[in-house]
Protein chains: 2
Amino acid sequence: MKAPWQPPMVEIRLVDVLEALADPIRLTMVARLSSAGSEKCTDINADTHVHKSTMSHHYRVLREAGVTWTVVQGRERWISLRRADLDALFPGLLDSILGAATLQVQAPTRRD
Amino acid sequence: MKAPWQPPMVEIRLVDVLEALADPIRLTMVARLSSAGSEKCTDINADTHVHKSTMSHHYRVLREAGVTWTVVQGRERWISLRRADLDALFPGLLDSILGAATLQVQAPTRRD
DNA sequence: CTAACGGTTGGATGATTGGCCAACTATCCA
DNA sequence: TGGATAGTTGGCCAATCATCCAACCGTTAG
């Protein structure tokens with residue numbers, strides 16, 4: 001099976017990473033992955049009410065930004081954080097974001 | 001003069017901060033502010049080719065996300081980073097982002 | 001071989017964004 | 001009082017985004 005495109009470490013851009021993380025759903029996904037280590041799409045999707053194609057879209061955004069790494073195994077996709085790459089490129093970034101994310105309730109995020 | 005709206009510390013949301021920083025122009029502004037300490041709009045705008053109303057838009061995004069603090073002084077607006085607030089809420093976040101931002105050339109950010 | 005499974009893709013839609021321009025507000029100076 | 005200065009606001013536009021649905025594709029199980 002053709003592996004989905006994911007950027008080499010050198011091509012990971014800070015702005016893209018930030019943009020990928022600047023979404024409640026994706027931030028939750030990343031927080032989840034950080035404790036789970038690696039999960040397949042169904043599991044990540046399990047707790048949400050979101051359509052699977054929407055989730056697929058979010059998988060892609062994270063993957064193409066260089067935040068996650070996807071491995072195809074049979075008919076499943078295993079997704080994990082690119083911790084080593086991200087830590088090397090942006091030391092402390094992931095830790096501080098994850099720390100803040102778990103601290104801050106994932107409540108309605110928009111001001112009105 | 002009526003001060004522009006800026007959120008109290010308690011209302012600052014991680015996702016909004018990330019979203020505010022997930023833009024090349026705004027990221028550059030924040031990097032600049034971090035070394036300058038405090039600047040008025042004209043100075044921040046000085047090096048850019050961007051229309052002043054566009055910059056005004058970016059000032060607002062940063063301000064309403066809680067990233068910057070704006071003080072009106074006469075007919076000028078002095079903008080600074082809300083370092084203390086952000087550091088207290090999201091320890092290490094600003095440092096790691098600024099570190100990464102200055103390291104990474106502000107080159108074209110989009111993959112094609 | 002065929003059906004079910006896991007996930008992606010394409011299309012449609014409504015909301016949001018970033019950009020510019022012109023007009024406006026508020027302040028200061030002469 | 002009448003500019004000039006500093007920045008915001010509203011209108012508009014093109015581009016992007018998140019979401020859903022339906023159709024699809026590759027893999028495994030019966």
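Residue numbering restarts at 1 for every chain, and letters A, B, ... go by the order of the sequence lines.
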**Q** Please give, in whole Å, the distance from C/dG19 P to B/Asn45 CG?
**A**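 Taking CG of B/Asn45 and P of C/dG19, I get 12 Å after rounding.
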**Q** Between C/dG19, D/dA18, D/dT9, which one does the side chain of A/His58 approach most closely?
**A**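 Looking only at heavy atoms from C-beta outward on A/His58, the closest nucleotide is D/dA18.
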**Q** D/dC20 base to A/Thr54 side chain: any donor-acceptor pair below 3.5 Å?
**A**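 Answer no: no donor N or O sits under 3.5 Å from an acceptor.
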**Q** If you link I, L, V, M, F, W and Y whenever their side-chain heavy atoms are under 4.5 Å apart, who else ends up in the same group as B/Trp69?
**A**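 B/Trp69 clusters with B/Val71.
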**Q** What stems show up for DNA chain D when you take Watson-Crick pairs (N1-N3 plus N6-O4 or O6-N4) and G-U wobbles (N1-O2, O6-N3), both under 3.5 Å, and require three or more consecutive pairs?
**A**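 If one scans DNA chain D for consecutive Watson-Crick or G-U pairs, the stems found are C:1-30 with D:1-30.
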**Q** Quickly work out the B/Arg60 CZ to C/dG18 P distance and round it to whole Å.
**A**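 B/Arg60 atom CZ is separated from C/dG18 atom P by 11 Å.
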**Q** Starting from C1' on D/dT19, measure out to NE2 on A/His49 and report it in whole angstrom.
**A**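 Rounded to the whole Å, the gap is 10 Å.
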**Q** How long is the line joining NE2 of A/His51 and C1' of D/dA18, in whole Å?
**A**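 Rounded to the whole Å, the gap is 13 Å.
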**Q** Using a cutoff of under 3.5 Å, can you pull out all pairs of nitrogen or oxygen atoms linking the protein to nucleotides 3-6 of chain D, with atom names and distances?
**A**
unit_1 : atom_1 : unit_2  : atom_2 : d
D/dT5  : O4'    : B/Arg75 : NH1    : 3.1
D/dT5  : O2     : B/Arg75 : NH1    : 3.1
D/dA6  : O4'    : B/Arg75 : O      : 3.0
D/dA6  : O3'    : B/Arg75 : O      : 3.4

**Q** Please report the distance, rounded to the nearest Å, between CD in B/Glu19 and P in C/dA15.
**A**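 Going from B/Glu19 (CD) to C/dA15 (P), I get 17 Å.
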**Q** If only side-chain N and O atoms of A/His57 are considered, is one of them under 4.0 Å from the OP1 or OP2 phosphate oxygen of C/dT8?
**A**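 No.
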**Q** What is the distance, to the nearest angstrom, from the OH atom on A/Tyr59 to the C1' atom on D/dT19?
**A**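 For the pair A/Tyr59 OH and D/dT19 C1', the rounded distance is 15 Å.
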